[in-house]
Amino acid sequence: MKLSQVFFPIFLFLLVSQANSTTDIISQTCKSCAAKSKIFDYNFCVSSLNNSPIALPSPTNISSLALVPMLQALDNATATASTIQQLLILDDDGSFHGACLRDCLELYEDATDRLEEAVRVFITRKELGTVNVMVSAAMESAVTCENGFRERDDGDGDGDGGGGGGEMTWTSPVWSENHKLFEFGQIALCINNMMSASVTTSVSL
C-alpha cells in the first residue's frame, strides 16, 4: 500500500475535525448570546462568524472570534459612509431628507473612528471595557441615524406628510446598513462579555 493511501484518510479526518471544531465553537457562542437577549439574531451571528474577513487560527477560540464582528462592523461603517456620500451628491438640496443624510454621514464617520480604536485597543491591550464603550458608541450612531428618518416634528408644510407638523415617517435609504452595524455590535459585545466573565472566573479561582 502506498504511503499516500495511508496518510490521506488521516489528513482528511484532521481537516474535518478542525472544521467541526470551528463550527461547534461558533454555534455554541451564538447560542449563548441568543439565550441572553430576545433581539439577538442567532442565524445572523452564525453567518457572520463563518464569514470572517480574516484568517482565524484553528481551532478557533473565543478571543479570535471577538475580532471578527468588530472588523465586520468597521467594514460596514466605512462602506456606509461612502454610500451616504454618494447619496448626498444626488440629494443635498437643503431638504429634510438631505439633512438626515448629512447627520448620518457625521455619525458614520464617528462610528468608523470608534471602531478603528476598538480594534486597535483589542489587539494591543485587550482592554475589553474600553473596547465595549467604543463598540456601543458605534451602535448608537446607527440607531441615531435610523431614528432621524423615522420622525419629524418641525411644523412646516413640505414633504410627503402635508402641513401642520406632527410625526412624519420617512424611509431610510441606509436601513439595512444601520441594522447590520447594530447586529455586528451585539455579537462583539456578547463575545467580549463572555471573555470578561471567563477572566473574572479564572481570577476568583
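Keep in mind it's a predicted model, so treat the numbers as computed, not measured.
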Point to revise | Contact check, side chains of His97 and Phe149, non-hydrogen atoms, under 4.5 Å | key: yes
Exercise for review: Give a yes-or-no answer on whether the side chains of Ser27 and Tyr42 include a donor-acceptor pair shorter than 3.5 Å.
Suggested key: yes
Review point. How far does CD of Glu183 sit from CZ of Phe44, to the nearest 0.5 angstrom?
Key: 4.5 Å
Check your understanding: Where do Thr112 and Leu74 come nearest, in terms of heavy atoms and distance?
Key -> O-CD1, 3.7 Å
Point to revise | Spacing of Leu90 atom CG and Gln86 atom CD [to the nearest 0.5 Å] | key: 7.5 Å
Review point. Where do Pro173 and Leu101 come nearest, in terms of heavy atoms and distance?
Key: CG-CD2, 3.8 Å
Revision key, fill the gap. Minimal heavy-atom distance between Phe40 and Cys45, with the atoms involved, is CE2-CB, 3.6 Å
Point to revise | Asn76 CG to Ser176 OG distance, which is reported to the nearest 0.5 Å | key: 8.0 Å
Check your understanding: Which pair of heavy atoms, one from Ser136 and one from Leu189, lies closest together, and at what distance?
Key -> OG-CD1, 3.7 Å
Show the atom names and distances, to 0.1 Å, of all donor-acceptor pairs under 3.5 Å that link a side chain in residues 113-123 to residues at least two apart or in another chain.
unit_1, atom_1, unit_2, atom_2, d
Glu117, OE1, Arg120, NE, 3.1
Glu117, OE1, Arg120, NH2, 3.3
Glu117, OE2, Arg120, NH2, 2.6

**Study point:** Heavy atoms of other groups near Glu109 CD, more than 12 under 6.0 Å
**Key:** yes
Cut-off 3.5 Å, no hydrogens considered: what does the side-chain donor-acceptor table look like for residues 125-134, sequence neighbours left out?
unit_1, atom_1, unit_2, atom_2, d
Arg125, NE, Glu127, OE1, 3.3
Arg125, NE, Glu127, OE2, 2.9
Arg125, NH2, Glu127, OE1, 3.3
Asn132, OD1, Asn192, ND2, 3.0
Asn132, ND2, Asn193, OD1, 3.1

**Study point:** Non-hydrogen atoms of Cys33 and Ile191 that approach each other most closely
**Key:** SG-N, 4.5 Å
